[in-house]
Amino acid sequence: TLRPCKEESKDWDTTQNLYIEGDNLEVLKLLQKSYHSKVKMIYIDPPYNTGKDFVYPDDFHDSLENYKKLTGQVDSEGNRISTNTEASGRYHTDWLNMMYPRLRLARNLLTYDGAIFISIDDNEVENLKKLCNEIFGEENFIANLVWQQGRKSSASTIATNHEYCLVYAKDKDNILRINNDLNKYWQEKKEGLDLIYKKEKELKKKYLNDYSKMTIELREFYKTAGMESPVYRHKHYNYIDSRGIFFASDTSAPDKPESRSHKPLIHPITKKPTAVPRMGWRYTDKTLEELVIEDRIHFGDDESKIPCVKRYLKETEYEVAQSVFYKDGRGASKRLENLLETKCFDFPKDEDIISQFVNYCIVDEEENAYILDFFSGSGTTAHSVIQVNAINGGNHKFIMVQLPEPTDEKDEAYKAGYMNICEIGKERIRRAGEKIKEENKEKENIENLDIGFKVLKLDTSNIRKWQPDYDNLEQSLLDYVDNYMEGRTELDVVYEIMIKYGLDLTYPVDEFTLAQKKVYSIGFGMLMICLEDEITTEVAKGILEKVKELAPESTRVVFKDNGFKSDSNKTNIKEILKSGGIEEFITL
């Protein structure tokens with residue numbers, strides 16, 4: 001099961017995001033019902049099998065005991081098992097045996113038009129491609145992206161400064177169908193652009209260089225043309241000058257390195273220094289000077305407005321994503337170090353690149369897609385999802401899964417108080433969310449940005465296994481009257497029931513008192529749970545009233561089996577619920 005951990009979560013009652021601690025193989029099994037065919041995109045950065053990274057030696061006979069050994073990083077004899085050395089005769093086999101079941105389970109979670117992105121390097125790229133061809137099908141291969149890193153190498157022959165990212169669709173035909181729709185959209189947009197360009201020429205001829213009047217008429221033209229139509233998503237291009245129609249693009253730096261300039265520009269009309277972006281300019285002083293000379297800077301009515309860069313409609317054509325891209329990984333490491341105020345994670349993936357992957361995969365910002373990462377490491381994918389939502393106004397949700405691998409006592413992370421990798425990931429998400437919200441505080445509805453996450457932790461079932469002492473069966477029967485594991489809470493049991501029924505684990509869990517008994521309502525009445533003793537018919541009547549008030553499409557009710565006074569009492573409660581339209585009555 002997965003046990004809820006409110007104290008380590010952020011915005012528990014409202015967030016739609018999940019952070020799950022545990023062996024990802026077991027977690028993927030538990031997610032099969034709740035998230036089958038619901039995840040739009042998966043990104044993972046698994047161990048590259050370099051001989052130095054951690055490879056899970058799965059034990060399918062007793063998975064949870066194996067998981068507990070893993071979190072201690074020792075085997076049953078106390079030997080360290082954190083690496084898969086090349087000296088092993090099963091060097092590649094061990095890695096493939098780890099990846100195969102995880103990818104099989106992951107495929108089940110993808111939507112019909114979903115895709116998976118898998119980072120890898122030269123050590124296993126050929127084997128991974130064969131593995132993915134078997135699981136996803138050769139026909140669903142999309143691309144092998146080349147990620148140029150720019151890191152120096154000590155290689156004696158050729159320096160390797162790139163990695164790969166394999167991309168597979170669950171069903172490429174569905175993605176092609178969607179791309180055809182997208183191409184149709186861009187064709188329609190092109191037809192719309194032709195109208196705009198024609199209008200642009202008319203305005204220039206009519207008003208010559210009176211750009212203020214040209215802009216007023218341009219906006220009126222947009223309004224009468226029906227700018228809500230998808231064809232006219234360029235409606236933000238609401239200015240015009242001698243070069244044509246443009247929109248005012250943000251000039252602020254995405255982060256705050258010391259090298260960023262805070263030097264104001266001089267307003268061309270008031271001749272006073274202009275306001276400067278809080279994070280500094282994204283351009284150097286020299287570049288800004290050149291942009292001003294080239295008339296590529298759009299100034300506000302006075303110096304109180306931050307100047308923007310002019311982005312011209314004719315210069316911003318739609319382009320298909322390319323298979324080779326460059327990003328210096330050292331920048332991501334430095335940003336994470338600054339965010340956490342210590343160097344506690346080596347070679348984190350770049351959140352800007354993962355944001356690009358999210359944008360490749362998700363065309364419609366209103367889709368509210370799930371993005372899964374089951375090798376989440378420092379939490380880069382969660383950071384990227386929040387970043388994309390902040391920029392595009394979406395409400396996509398992340399599910400992070402990470403084994404709580406202990407940090408080494410010699411590492412900076414351990415010295416900073418991070419006992420395992422999960423602690424690093426959770427703190428990164430907390431800080432990144434707040435930072436992104438602060439940087440975008442002027443955006444509309446930014447206060448609704450979901451920067452929280454529910455923490456759930458893998459553990460044994462809350463229901464005790466029947467393991468009687470055959471020499472003393474009577475005592476065993478008495479001991480199992482209460483069939484819950486010691487130390488478990490009612491909320492633990494509630495979440496196990498949600499998992500077993502395949503409910504979304506971010507559904508709201510509300511508590512009510514009905515006939516002096518606590519009752520849990522999940523998903524606004526979809527599931528009602530009462531785990532109290534001495535359950536009466538008044539509880540059943542109270543549940544019916546509450547269900548009537550919440551008005552879900554259907555309801556199932558779960559009680560603790562030994563919570564009834566008698567069998568006849570149980571039967572009466574079942575009939576009361578049935579008379580109120582609740583057919584599904586379960587006890588455990």
Side-chain angles (χ1 to χ4, degrees), residues 1-4 13 29-36 456 459-468 473-588:
T1 191
L2 298 173
R3 297 178 64 189
D13 293 323
K29 292 176 188 176
L30 288 171
L31 297 180
Q32 291 297 298
K33 274 191 177 182
S34 296
Y35 296 97
H36 190 279
L456 303 172
D459 211 325
T460 54
S461 171
N462 299 290
I463 312 301
R464 295 168 66 186
K465 290 182 180 178
W466 172 241
Q467 295 175 324
L473 280 175
E474 183 178 355
Q475 186 58 47
S476 292
L477 287 168
L478 292 172
D479 291 341
Y480 276 81
V481 169
D482 182 0
N483 59 344
Y484 296 155
M485 296 283 287
E486 290 184 16
R488 304 299 172 92
T489 66
E490 284 190 352
L491 198 60
D492 291 335
V493 179
V494 166
Y495 270 83
E496 180 162 352
I497 295 169
M498 289 171 68
I499 291 167
K500 296 296 187 284
Y501 280 115
L503 298 184
D504 190 318
L505 298 178
T506 61
Y507 275 162
V509 178
D510 300 311
E511 296 180 17
F512 302 102
T513 300
L514 304 175
Q516 300 180 330
K517 302 295 181 184
K518 185 188 292 183
V519 177
Y520 296 89
S521 168
I522 293 89
F524 305 107
M526 290 175 60
L527 175 65
M528 305 291 284
I529 302 173
C530 181
L531 303 173
E532 297 270 25
D533 295 319
E534 302 291 320
I535 301 167
T536 65
T537 54
E538 295 304 312
V539 175
K541 293 174 184 176
I543 289 174
L544 284 179
E545 287 296 319
K546 183 56 68 174
V547 168
K548 186 177 179 182
E549 176 189 327
L550 297 172
E553 288 186 12
S554 63
T555 301
R556 54 169 65 112
V557 181
V558 178
F559 293 103
K560 185 170 69 170
D561 194 53
N562 59 3
F564 301 100
K565 293 181 179 180
S566 63
D567 287 344
S568 60
N569 177 246
K570 179 179 177 180
T571 301
N572 288 338
I573 289 172
K574 183 176 181 179
E575 291 302 318
I576 289 170
L577 293 173
K578 190 175 180 179
S579 68
I582 299 176
E583 297 283 348
E584 197 161 354
F585 173 94
I586 305 103
T587 61
L588 54 86

**Student:** Could you note down all residue pairs passing ring pair (Phe, Tyr, Trp, His ring centres under 6.0 Å) where residues 532-558 supplies at least one of them, sequence neighbours left out?
**Tutor:**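 Matches after skipping sequence neighbours: none remain.
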**Student:** Mind jotting down which residue pairs meet the salt bridge (Lys or Arg N to Asp or Glu O under 4.0 Å) criterion with at least one end in residues 520-531? Sequence neighbours excluded, please.
**Tutor:**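 Listed by first then second residue: nothing to list.
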**Student:** Go through the steps to decide whether I586 and V557 satisfy the test side chain to side chain contact (heavy atoms under 4.5 Å, CB included), and finish with yes or no.
**Tutor:** CA-CA 6 Å; I586 305 103; V557 181; over 6 Å; no
**Student:** Got a second to check how far C530's SG is from I573's CD1, nearest 0.5 Å?
**Tutor:**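 Here the interatomic distance stands at 8.5 Å.
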**Student:** How would you list all residue pairs meeting side chain to side chain donor-acceptor pair (under 3.5 Å) that involve residues 573-588, not counting sequence neighbours?
**Tutor:**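 Matches after skipping sequence neighbours: R556-E584, D561-T587.
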**Student:** Less than 4.5 Å apart, any side-chain heavy atom of M528 and any of V519?
**Tutor:**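 The answer is yes; the side chains approach within 4.5 Å.
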**Student:** Is there a side-chain contact between I497 and L503, using heavy atoms and a 4.5 Å cut-off?
**Tutor:**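 No. Closest side-chain heavy atoms not under 4.5 Å.
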**Student:** Taking ring pair (Phe, Tyr, Trp, His ring centres under 6.0 Å) as the cut-off, I'd like each qualifying pair that reaches into residues 569-588, sequence neighbours left out, listed once.
**Tutor:**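 Passing the test, one end in residues 569-588: F559-F585.
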**Student:** So L527 and V494, side chain to side chain contact (heavy atoms under 4.5 Å, CB included) or not? Walk me through it.
**Tutor:** CA-CA 10 Å; L527 175 65; V494 166; over 6 Å; no
**Student:** Can you pull out every side chain to side chain donor-acceptor pair (under 3.5 Å) where at least one residue sits in residues 525-534? Sequence neighbours excluded, please.
**Tutor:**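 Sorted pair list: D533-K560.
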**Student:** Report the residues that fulfil side-chain hydrogen bond (donor to acceptor under 3.5 Å, both in side chains) with T506, sequence neighbours left out, ordered by chain and then residue number.
**Tutor:**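 T506: side-chain hydrogen bond (donor to acceptor under 3.5 Å, both in side chains) contacts with Q16, D504.
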**Student:** If you round to the nearest 0.5 Å, how far is CD of Q32 from NZ of K29?
**Tutor:**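 Reported to 0.5 Å precision, the distance equals 10.0 Å.
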**Student:** Quick test of your reading: applying side chain to side chain donor-acceptor pair (under 3.5 Å), list the pairs with at least one residue in residues 486-496, sequence neighbours left out, ordered by first then second residue.
**Tutor:**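 Checked against side chain to side chain donor-acceptor pair (under 3.5 Å) - neighbours excluded - the pairs reaching residues 486-496 are R3-D492, K454-Y495, D459-R488, T460-R488, S461-E496, N462-R488, N462-E496, T489-D492, E490-Y520, E496-K500.
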**Student:** Under 3.5 Å, which donor-acceptor pairs do the side chains of residues 539-555 form with other protein atoms, sequence neighbours left out?
**Tutor:**
unit_1 : atom_1 : unit_2 : atom_2 : d
K546   : NZ     : E549   : OE1    : 3.4
T555   : OG1    : G525   : O      : 2.9

**Student:** List in chain and number order the residues that pass side-chain contact (heavy atoms from CB on, under 4.5 Å) with L30, two or more places apart in sequence or in another chain; answer none if no residue qualifies.
**Tutor:**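 By the side-chain contact (heavy atoms from CB on, under 4.5 Å) rule, L30 matches L2, L458, I499.
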**Student:** Is the closest side-chain heavy-atom distance between M498 and V509 below 4.5 Å?
**Tutor:**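 The answer is yes; the side chains approach within 4.5 Å.
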**Student:** Tell me which pairs pass side chain to side chain donor-acceptor pair (under 3.5 Å) where either residue lies in residues 508-518, with sequence neighbours left out.
**Tutor:**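 Counting only pairs at least two positions apart or across chains, no side chain to side chain donor-acceptor pair (under 3.5 Å) contact touches residues 508-518.
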**Student:** For L505 and Y35, which heavy atoms make the closest approach, and how far apart are they?
**Tutor:**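 So the two residues come closest at N-OH, 2.9 Å.
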**Student:** Do other residues, nucleotides or ligands put more than 12 heavy atoms under 6.0 Å from the CZ atom of F512?
**Tutor:**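 More than 12 within 6.0 Å, yes.
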